[in-house]
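In what follows, a structure is listed as structure tokens, so that the remarks can point back to it.
Note that the structure is a prediction, hence the values are computed from the model and not measured.
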Amino acid sequence: MSDFREHFIDWLRDAHAMEEQAETMLNGMKDRVKDYPQLQTRIIQHLEETRQQQTQLKACIKRLDASTSGIKDLAGKAVALGQALSGMFVEDEIVKGVISSYVFEHMEIASYKTLIAASEQVGDVETRQILEGILQQEQAMADWLMENIPNITQAYLSKK
């Protein structure tokens, strides 16, 4: 049981770092998509959800008598900053950014499904409920992106 618990805590730390990375990516993107108001609105909404998710994950980790990983959090932010900076140098940043966001959402979805299975294994019902709520938010964002990729792409092309 101890090994299960240690993996679970480590994966919760990974998820917290992932949400730190998501916050940095969304912050970097939100001001650069002003020409796409629906996308900007959805990014701002998901940014707030992401911040709440960080708080929820941190509380789950603390409840398990552990702490977040500063190194993982910093590494996630550094990767996101690099992604944001690299996007500034391509003409079609909006299209590539939406595709990257969609892929990232699916990485988050897979991570939360893993965490939910692990929470069941260790018997942590409270954390499982929180993770299921976060999973719903990530799925909703992925669904929104999938539905809007065609419109965003066409809007980008019509501005050319």
Salt bridge (charged side-chain N to carboxylate O under 4.0 Å, His left out) contacts in which one or both residues fall within residues 126-140, not counting sequence neighbours | R63-E126, E120-R128, R128-E132
Check: L64 and V122 side chains under 4.5 Å, non-hydrogen atoms = no
For I44, what residues pass the side-chain contact (heavy atoms from CB on, under 4.5 Å) criterion, not counting sequence neighbours?
-> K30, Q40
What pairs with Y36 under ring-ring contact (aromatic ring centres under 6.0 Å, His included), at least two apart in sequence or on another chain?
-> none
Separation between OG1 of T50 and CD of Q45, rounded to the nearest 0.5 Å | 10.0 Å
Q129: partners by side-chain contact (heavy atoms from CB on, under 4.5 Å), with sequence neighbours left out | V125
Which salt bridge (charged side-chain N to carboxylate O under 4.0 Å, His left out) pairs, counting each pair once, include a residue from residues 104-113, with sequence neighbours left out?
-> none
So does Q38 have more than 12 non-hydrogen atoms from other groups sitting under 6.0 Å from CD?
-> no
For E19 and Q54, indicate whether the former's side chain and the latter's backbone hold a donor-acceptor pair under 3.5 Å.
-> no
Looking only at atom types and distance, does a side-chain atom of T127 sit under 3.5 Å from a main-chain N or O of D124, one as donor and one as acceptor?
-> no
Only pairs at least two apart or in different chains count here, so list each side chain to side chain donor-acceptor pair (under 3.5 Å) that has a residue in residues 141-151.
-> Q139-D143
Quick one: does I61's side chain get under 4.5 Å of K58's, heavy atoms only?
-> no
Reference residue Y112; test side-chain contact (heavy atoms from CB on, under 4.5 Å); the match among Q136, M107, M18 | M18
Among Q137, H16, H46, find the residue that satisfies the side chain to side chain donor-acceptor pair (under 3.5 Å) test when tested with Q53.
-> Q137
Mind checking whether F8 and Q121 have side chains closer than 4.5 Å, heavy atoms only?
-> no
Salt bridge (charged side-chain N to carboxylate O under 4.0 Å, His left out) involving E48 - partner list, sequence neighbours excluded | none
Set of side-chain contact (heavy atoms from CB on, under 4.5 Å) partners for A110, sequence neighbours left out = none
Does a side-chain heavy-atom distance below 4.5 Å link S111 with W11?
-> no
Quick one: side-chain contact (heavy atoms from CB on, under 4.5 Å) partners of T153, sequence neighbours excluded?
-> V95, I149, L157
The salt bridge (charged side-chain N to carboxylate O under 4.0 Å, His left out) partners of R51 (sequence neighbours excluded) come to E23
Are any non-hydrogen side-chain atoms of T24 and E20 less than 4.5 angstrom apart?
-> no
Flag side-chain contact, heavy atom, 4.5 Å: L131 against L57 = yes
